[in-house]
Every structure is written in C-alpha cells, then in structure tokens.
Number of protein chains: 2
Amino acid sequence: MSDAQAVVKRPASKAEGDERHEAIYRAVSDAIVEQRLKPGARLREDALAEVFGISRTGIRKILQRLALEQLVTLTPRRGASVTRPTADEAKDVFDARQLIECGLMPDVARRMGEKEAAELRDMAKRERQALRSGQQSVAIRLSADFHVRLAQLSGNAALAAFVEQLCSRSSLILAVYGHPGHLGCESHDHDDLIGYLETGNGERAKAFMNRHLKAIEASLSMVEEEENVPDLQQIFGG
Amino acid sequence: MSDAQAVVKRPASKAEGDERHEAIYRAVSDAIVEQRLKPGARLREDALAEVFGISRTGIRKILQRLALEQLVTLTPRRGASVTRPTADEAKDVFDARQLIECGLMPDVARRMGEKEAAELRDMAKRERQALRSGQQSVAIRLSADFHVRLAQLSGNAALAAFVEQLCSRSSLILAVYGHPGHLGCESHDHDDLIGYLETGNGERAKAFMNRHLKAIEASLSMVEEEENVPDLQQIFGG
DNA sequence: GCTTGTTTTATTGTATACATTGCGCCATCA
DNA sequence: TGATGGCGCAATGTATACAATAAAACAAGC
C-alpha cells in the first residue's frame, strides 16, 4: 500500500461526507437549542447551502431530520422555519418529560458510579459558571445536556434519544414562553439531584425530579399570542 | 380567466405530491409493520422508485424518514434494508413501552368515554377475527393499532407518536425473535384491558398492561444469531 | 387613499445526470 | 481445484437544471 502518493487533493471527498452532514446538522440543531435561532426564524435552503458549502440536497436532508424532531416546521412551498411550539405542545412535552425522566431515576440511581457522578457534577458546575458569567446560550445548552446525559445513564437508548428530543423542544418552549433572563433550571437543583442519585436513593431522586420539572413548567407564562387580525377570522369562524 | 383550456393534462400536479408521498410512506411502513417486508430485506431505491412511479429523490426522503424511525437501516454506500433489531434494542423498546404505556393508563382511563370504548372493542374484535381466520399480517397491524390508539386517547400527542414508533419496532422484534404463529398479544387481553379502562380503574389497567407487555416480552426467544464466520473477528477483536 | 388585480421575483419541489464506491464475476496462478 | 487479484457492473451520493408556486412589489381603478 503506497500511502505516500495516495490522497493529496481532497481529504474531504471520501467518507467525510457523512461526518460533514452530521456536523452541519449539529450546528443547526445547536443554534436552535441555544436559542441563537429563535422560533419563527426562517431557514432558507439557499442561504444554508451557501453558508455550509454544500448543495441544497444535503440541506434538505438535514432540514427534514430537524422537522421530524419537531425543531423546525416545514410548510409546503413556504420552506423551513424554527418551530414555534403551541401551548398544547408545551404541556405535552413537559408531561412526557415528567413521566419518562422521573420513571428513569431509579434505573439511573442503580447504575450510578463515581465516574458518572463526577461527570454530572462537572456539567452542573459549568452550567452554574455559564449562568453567572451571563452566557445564557451556553447555560441553556448545558442544562439540556445534563438532563440528556442523565437519561443516557439509564442504559435505555430508545428512551434516551426521546428525552433528547424532548429537551431540545423544551429549549424552544422556554424561548417562547419563558421569562427572559430566568432560565428553567434553578442553579443548585441539579447538584441536589446528583446527591440523591449518588446515594442510590432512586425514589428520592424521582420525587425531586418531579418537583424540578414542575417548577420549570410553572415558571412559564402560557399566553398564546393572539393573531394580529383575528376579527375576520372570528366572523367566519363563528 | 379562461379555464376551458387551462389544466387538462395532469390533475395530480398541484398539491397532491405531498399526499402521494405520505401514501407511499404508509405503504412501505405498513408492509414492514405487517411483516410482508421481513427484517434484512433490501430496499433498492431504483426498484421502489419504479414501483411507485416517482423519482429516487422522493424515495430517498421516505427512506430517511423510515430510518429515523428505526424501521429501516441506512448503510452508507450499501443502501437501505429493513432493520433487524438486536436483543439490546428489543429490551430497550419493551422497557420503554412498559414505562410509557403503563404510565399512560390512568390518563386513558380518565378520558375514556363510550365512543372510545366502542372503537377499541371494535378493533379488538377485528383483531380476534383476523387471528382466527389466519390473517396474520392483519392481526399484527390491528394489535399495534390498538396500542397506538390507546396512547392517543391519553391526549398527549408527543407520547402517542413515540408509542407509535415503539409499536412499529415491536413488530420488527416479533418478526425476528417471536415464535412463528404465536402473536404477541393474547386474544382476550385487549378486551380485558378495555373493561378496566371503561370502569375508570386506571391503576388496575396499569397493572394489567404491565403484565400484558411482560408476557409478550417473555414469549420472545432472545437468541442473537451468531455471525457465520466470527472466528477471525474474535481474533482481531480480542 | 385604499383596495384589488397583475406582474415580477424569489424560493421550493422534482427529476435527472454525473461521480463514487462496493460487489460479483472471471481469469490466472499456485 | 481452490484462492487471489483485477475488472465490469450496479447502486448510492451529490449537484444542478428545470418547473411550479407563493410572496411581494407595483400599477390601476373606485
């Protein structure tokens, strides 16, 4: 195998295509979760294609994936935009998180080791730091990552993937219904939770997670913003 | 507006494209869930494109959606094939169903009305009939539909969609690890469950669903079929 | 001046063509 | 006779070109 003359022209032509797509997907997904792309923002295919240096074909694939995860909304002939969750959807998402994340706590407590606890504590610490230094985007991301990592520790990949989706959607919900400057997760909540899990107290952790999520949901102001010109609609709708 | 000469050639060129895609998606999805496409079956883009009369572009979109739902596996440069679930995945799926479907039972019992009960009874009846008349594919589908409909009755769209995915995957799992001729759900189990739900006995229904799912999982023979020539792999892997 | 109809433009939907790559067939050699 | 290497084919990955359509800008009439 003569590897001296082999690949010189394009190191990205081989199998990096998939990696690149994955990277672009994460870039867009991160921007949405970190609320740098706000709900309602339009995502034009041409613009994305130019920014990331690939064709519209690849962009469409990524957009469809994001649409299936409910992070972007694909309107026929109108294109893609960051999803603006409705109040109903918000309730469903938090109810789902309550059922699943709480239900997972006993398993997590059972599988919790020193290494895992240390990793979680590090995440919680970085989240607090980001919050203190005013890096809201970073804090939001770390908070979501914390919940996702927790679900992953349960050992159930299917549920972990679903929790990941729910956390991403929660970020959108906070962007729409949350009070500005008030992040969902209280700064020390996550540390307290780690404590319960470390001691193997699954039921305690479950109850705490329940309160934790309820507190986040309660902090939202669920006001569906009314249509700008609803008068005509009401006339015909009534 | 002279509409006499306008559109004569193709009445399907307008907005039916989306409907058509949805129909094709369902056709493939149904074939997989009903086990007419067995795990491991290859799904060539050209072949599907020709069968359904659209271009590969549309087929790829559908294939990617199915891949995100874990019904088909997309191997780079190798194409699509019906997913063959591993034993680990099977365990995760059934654990997830246990947590979610059982957790939903109280809500379902609360929202259960006469109309809903009648609909469920009809589904259960048709399932029994299909089972008796040897229509295995129909029975499998109706059984999955029953569980999905149940989840929908909880009122939580996010969880219902997830349960739908899990049920589809369960069908694949049964195809691989189930005993031939022995369907997952016992014929009268679903009727019993409806009874508990009708009387608003959510906790009873929850416990019954728990046993029901456990019974299905227990009926599987979890033998991972070993690789044909694993010796070399083990030498290098170890 | 505001509304309505028309044209223009910009953006998405679809198909097809080309490049790339994995796989099977076949010849050759031990 | 069996294994190995090369070769051709078939299938996917990607980009681009063309068609369809909705939004917007603009003009005309009430």
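Chain letters run A, B, ... following the sequence lines, proteins first and then strands; every chain starts at 1. Because the structure is predicted, anything quoted here is derived from the model rather than measured.
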query = Start at the 5' end of DNA chain C and walk down; is the nucleotide closest to A/Glu45 or to B/Ser55 reached first?
reply =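 Of the two residues, A/Glu45 wins.
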query = What is the nucleic acid contact for B/Arg60, judged by heavy atoms within less than 4.0 Å: base, sugar-phosphate only, or nothing?
reply =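 Base: the residue B/Arg60, judged by heavy atoms under 4.0 Å, touches a nucleobase.
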Given atom [atom1] of [X] and atom [atom2] of [N], what is their separation to the nearest angstrom?
X       : N      : atom1 : atom2 : result
B/Arg78 : D/dA10 : CZ    : P     : 16 Å
B/Phe52 : C/dT14 : CZ    : P     : 16 Å
B/Arg56 : C/dA17 : CZ    : P     : 12 Å
A/Arg77 : C/dT9  : CZ    : C1'   : 16 Å
A/Leu63 : C/dT11 : CG    : P     : 14 Å
A/Leu74 : C/dT14 : CG    : P     : 11 Å
B/Leu43 : D/dT12 : CG    : C1'   : 14 Å
B/Ile62 : C/dG13 : CD1   : P     : 14 Å

message = Run the salt bridge (Lys or Arg N to Asp or Glu O under 4.0 Å) test on A/Arg65 and A/Glu22 for me, step by step, so that the C-alpha distance in whole Å, both residues' side-chain angles and the decisive distance to 0.1 Å come before the verdict.
response = CA-CA 11 Å; A/Arg65 176 170 170 191; A/Glu22 189 68 19; 3.3 Å; yes
ask   = Regarding B/Tyr177 and B/Glu217, is there a side-chain donor-to-acceptor distance under 3.5 Å anywhere?
value =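 On atom types as modelled, these side chains do not qualify, holding no pair under 3.5 Å.
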request  = Check whether the side chains of B/Arg36 and B/Ser137 place a donor and an acceptor atom closer than 3.5 Å, and report yes or no.
outcome  =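 Their side chains do not contain a donor-acceptor pair, so the 3.5 Å distance test is not met.
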query = Below 4.0 angstrom from OP1 or OP2 of D/dG13, is there any side-chain N or O of A/Lys61?
reply =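 Checking D/dG13 against A/Lys61, no side-chain N or O comes under 4.0 Å of OP1 or OP2.
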task = Using heavy atoms to find the nearest nucleotide of DNA chain D for A/Arg42 and A/Gly53 separately, return the residue whose nucleotide is more 5′.
result =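 Looking at the nearest nucleotide for each, A/Gly53 comes out on the 5' side.
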ask   = After noting the C-alpha distance and the side-chain angles of A/Asp122 and A/Arg126, does the key distance pass the salt bridge (Lys or Arg N to Asp or Glu O under 4.0 Å) rule?
value = CA-CA 6 Å; A/Asp122 181 59; A/Arg126 283 190 297 162; 3.5 Å; yes
